[in-house]
Amino acid sequence: MNKPHVFLAQSVPDSVLSYIADHCDYTIWDKDEKPTTEQLKEILRHSDGALLTSLSADEELVKNCERLKVISTATVGYDRFDPIGLAKHNVYLTNTPYVLDETVADLLFGLILSGSRRIAELHKEVIDGNWTDKTTQPSLYGQDVYKKTLGIIGMGRIGEKVVHRAKEGFNMSVLYHNRSARPEAEERYGAKKVELDTLLEESDIVVLMVPLTEETTHLIGKEELSKMKQTALLVNGARGPVIDEKALIEALTTNEIFGAALDVFEQEPLPSNHPFLSLKNVTLTPHIGSATAATREAMAMRAAENLVAGALGKTPVDVVKK
Ligand SMILES: NC(=O)C1=CN([C@@H]2O[C@H](COP(=O)(O)OP(=O)(O)OC[C@H]3O[C@@H](n4cnc5c(N)ncnc54)[C@H](O)[C@@H]3O)[C@@H](O)[C@H]2O)C=CC1
Ligand SMILES: O=C(O)C(=O)CO
């Protein structure tokens with residue numbers, strides 16, 4: 001029997017490629033520039049499945065792809081894909097939940113610590129040869145993390161791992177804002193579900209961990225920032241557009257809040273003239289929430305398992321239901 005054919009828009013670890021090859025024939029896109037929409041449509045017309053992590057897909061892309069059964073992304077976030085549009089043409093969208101939760105929560109705690117204790121800012125002072133008596137003056141003091149109040153917006157898989165670290169490691173109080181109540185988290189961590197405004201007003205550290213949707217676009221803007229404490233830190237591990245960056249830059253420039261620690265941005269990579277780059281009260285990382293060798297390999301394998309299952313005509317484990 002002929003093997004199904006899958007398209008890989010990017011390379012994958014050898015172990016993952018070998019798993020795919022056991023079940024499918026494959027083509028890998030090996031050019032530096034991404035395929036154009038027209039090139040992608042043509043490729044997908046001849047594919048049973050596709051791994052499109054760094055690309056996007058909607059109804060228009062797949063409407064003439066009779067063979068196509070699955071589009072897999074090696075990410076948990078799927079805001080660049082339209083699961084409903086794909087489903088209209090019997091194409092599953094799959095993502096990679098669970099396997100990255102602990103790793104992303106670790107990074108978020110790195111951001112919390114760096115932003116609160118000014119690690120990135122003062123690291124730069126040391127590197128630049130500016131370590132003088134003045135470096136430890138009160139105006140450069142940080143904020144405590146231990147026993148402070150963490151406000152988490154988006155108490156999902158990753159949000160709960162952040163809360164675990166906050167409670168078990170730092171004895172923090174936890175407020176959360178989520179679409180639905182999470183009674184187990186309330187019981188286990190003493191987390192309290194509150195309205196967004198209350199969370200913003202009462203938290204010392206506000207962490208964003210919601211998916212990017214119409215509802216969460218610019219969830220944090222001028223008005224929301226004005227409700228935060230002047231000593232508060234805003235941490236974004238979700239997606240850039242969840243924050244209105246213009247409003248955040250204004251709040252950081254006028255010290256309306258203490259600082260921001262950000263892994264995701266409205267435009268990625270950040271343009272070289274971006275105002276964030278000249279602010280001191282920010283920690284910036286280049287969207288590395290899940291970027292450890294082990295976790296990225298686990299994500300690629302999970303994405304491959306979904307891809308292979310779909311291409312073979314089975315129902316993949318991680319079908320995105322919207
Ligand atoms: N920086 C990075 O590298 C990474 C970023 N992410 C981002 O984090 C997001 C969350 O991932 P998971 O925790 O796995 O997702 P999840 O689906 O388990 O959790 C998201 C939570 O947000 C809540 N939510 C959704 N819309 C909301 C709204 N309008 N208001 C309040 N709560 C709302 C949901 O009820 C859910 O509990 C992903 O969608 C992705 O965009 C995920 C992994 C790595
Ligand atoms: O999985 C995701 O959604 C990411 O942003 C990268 O891990």
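Atoms within each ligand, like the ligands themselves, are counted from 1 in listed order.
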Sidechain N-carboxylate O distance under 4.0 Å for Asp144, Arg117 = no
inquiry  = Under the side chain to side chain contact (heavy atoms under 4.5 Å, CB included) test against Val62, which residue among Asp82, Leu86, Leu40 passes?
reply    = Leu86
remark   = The atoms of ligand 2 lying under 4.0 Å from a heavy atom of His287, numbered in the order shown, are 4 (C), 5 (O), 6 (C)
request  = Determine whether any heavy atom of Thr213 lies closer than 4.0 Å to an atom of ligand 1.
outcome  = no
ask   = For ligand 2, is any non-hydrogen atom under 4.0 Å from Leu100's backbone (N, CA, C, O), its side chain (CB onward), both, or neither?
value = side chain
task = Walk me through it: do Arg45 and Glu66 pass the test salt bridge (charged side-chain N to carboxylate O under 4.0 Å, His left out)?
result = CA-CA 7 Å; Arg45 275 203 324 112; Glu66 300 295 323; over 6 Å; no
ask   = Mind checking whether Met209 has an N or O less than 3.5 Å away from an N or O of ligand 1?
value = no
task = Answer yes or no: is there a side-chain heavy-atom contact under 4.5 Å between Lys192 and Tyr176?
result = no
key: Salt-bridge contact Glu202-Lys229 (side-chain N to carboxylate O under 4.0 Å)   = no
remark   = Counting from 1 in the order shown, the ligand 1 atoms closer than 4.0 Å to a non-hydrogen atom of Val264 are 1 (N)
ask   = Judging by distance only, is a nitrogen or oxygen of Ser180 under 3.5 angstrom from one on ligand 1?
value = no
message = Run the salt bridge (charged side-chain N to carboxylate O under 4.0 Å, His left out) test on Glu224 and Lys222 for me, step by step, so that the C-alpha distance in whole Å, both residues' side-chain angles and the decisive distance to 0.1 Å come before the verdict.
response = CA-CA 6 Å; Glu224 290 72 26; Lys222 191 176 168 51; over 6 Å; no
Atom 44 (C) of ligand 1: the protein heavy-atom neighbour that sits closest, reported with distance to 0.1 Å = Val104 CG2, 3.6 Å
ask   = Which bit of Leu107 is near ligand 1, meaning a heavy atom under 4.0 Å away: side chain, backbone, both or neither?
value = neither
remark   = ligand 1 atoms nearer than 4.0 angstrom to some heavy atom of His287 are 1 (N), 2 (C), 3 (O)
task = Identify the protein heavy atom lying closest to atom 23 (C) of ligand 1, giving its residue, its atom name and the separation to 0.1 Å.
result = Asn178 OD1, 3.0 Å
inquiry  = Does only the side chain of Arg80 get under 4.0 Å from ligand 2, or the backbone, or both, or neither? Count heavy atoms.
reply    = neither
message = Quick test: of every protein heavy atom, which one is nearest to atom 19 (O) of ligand 1, and how far off is it to 0.1 Å?
response = Gly156 CA, 3.2 Å
ask   = In the protein, which heavy atom is nearest to atom 13 (O) of ligand 1, and how far is it?
value = Ile158 N, 3.0 Å
inquiry  = Assess, by modelled atom type and distance only, whether the side chains of Ser47 and Arg67 contain a donor and an acceptor separated by less than 3.5 Å.
reply    = no
ask   = Does the ring centre of Tyr189 sit less than 6.0 Å away from the ring centre of His164?
value = yes
request  = Could you list which atoms of ligand 1 come closer than 4.0 Å to a heavy atom of Ala238?
outcome  = 5 (C), 7 (C), 41 (O)
inquiry  = Using a plain distance cutoff, I'd like to know if Gly237 has any nitrogen or oxygen under 3.5 Å from a nitrogen or oxygen of ligand 1.
reply    = yes
ask   = Does any N or O atom in Thr75 lie less than 3.5 angstrom from one in ligand 2, N or O only?
value = no
query = Looking at atom 20 (C) of ligand 1, what's its closest protein heavy atom, distance included?
reply = Pro211 CD, 3.6 Å
query = Is any side-chain heavy atom of Leu122 closer than 4.5 Å to a side-chain heavy atom of Leu140?
reply = yes
ask   = Got a donor-acceptor contact below 3.5 angstrom from the Asn281 side chain to the Leu252 backbone?
value = yes
message = Assess whether a salt bridge exists between Lys88 and Glu59, defined as any Lys/Arg side-chain N lying under 4.0 Å from an Asp/Glu carboxylate O.
response = yes
remark   = The protein heavy atom nearest to atom 7 (O) of ligand 2 is Ser290 OG, 2.5 Å
query = So which bit of Met155 gets within less than 4.0 Å of ligand 1, heavy atoms only: side chain, backbone, both or neither?
reply = backbone
query = Quick one: which ligand 1 atoms are inside 4.0 Å of a heavy atom on Leu100?
reply = 43 (C)
Element-labelled atoms of ligand 2 that are located less than 4.0 Å from some non-hydrogen atom of Gly77 = 1 (O), 2 (C), 3 (O)
query = Just checking, Arg157 and Tyr98: is the charged tip under 6.0 Å from the six-membered ring centre and within 45° of the axis?
reply = yes
note = heavy-atom search around atom 15 (O) of ligand 1 in the protein gives Arg157 NH2, 3.5 Å
Ligand 2 N/O within reach of Val76 N/O, cut-off under 3.5 Å = yes
request  = Considering only non-hydrogen protein atoms, determine which one is nearest to atom 24 (N) of ligand 1 and report residue, atom name and distance to 0.1 Å.
outcome  = Val210 CG1, 3.8 Å
task = May I ask you to say whether Glu201 pairs ionically with Lys227, meaning some side-chain N is under 4.0 Å from a carboxylate O?
result = no
request  = Considering only non-hydrogen protein atoms, determine which one is nearest to atom 31 (C) of ligand 1 and report residue, atom name and distance to 0.1 Å.
outcome  = Arg179 N, 3.6 Å
ask   = Heavy-atom contacts under 4.0 Å between Thr75 and ligand 1: side chain, backbone, both, or neither?
value = neither
query = Which ligand 2 atoms are under 4.0 Å away from a heavy-atom of Arg239?
reply = 2 (C), 3 (O), 4 (C), 5 (O)
task = Kindly write out the residues that satisfy side-chain contact (heavy atoms from CB on, under 4.5 Å) with Glu38, not counting sequence neighbours, or none if the list is empty.
result = Thr36, Lys41
query = Quick check: does Met299 get an N/O under 3.5 Å from an N/O on ligand 2?
reply = no
key: Candidates Ile243, Val235, Leu262 - the one meeting side chain to side chain contact (heavy atoms under 4.5 Å, CB included) with Leu208   = Ile243
message = Within ligand 1, which atoms have a heavy atom of Thr216 less than 4.0 Å away?
response = 28 (C), 29 (N)
inquiry  = Does ligand 2 come near enough to Arg296 that some N or O of the ligand is less than 3.5 Å from an N or O of the residue?
reply    = no
query = Salt bridge check: are Lys314 and Glu305 linked by an N-O gap of less than 4.0 Å?
reply = no
key: Stepwise salt bridge (charged side-chain N to carboxylate O under 4.0 Å, His left out) test for Glu125 and Lys280   = CA-CA 10 Å; Glu125 295 296 347; Lys280 289 197 165 187; 3.1 Å; yes
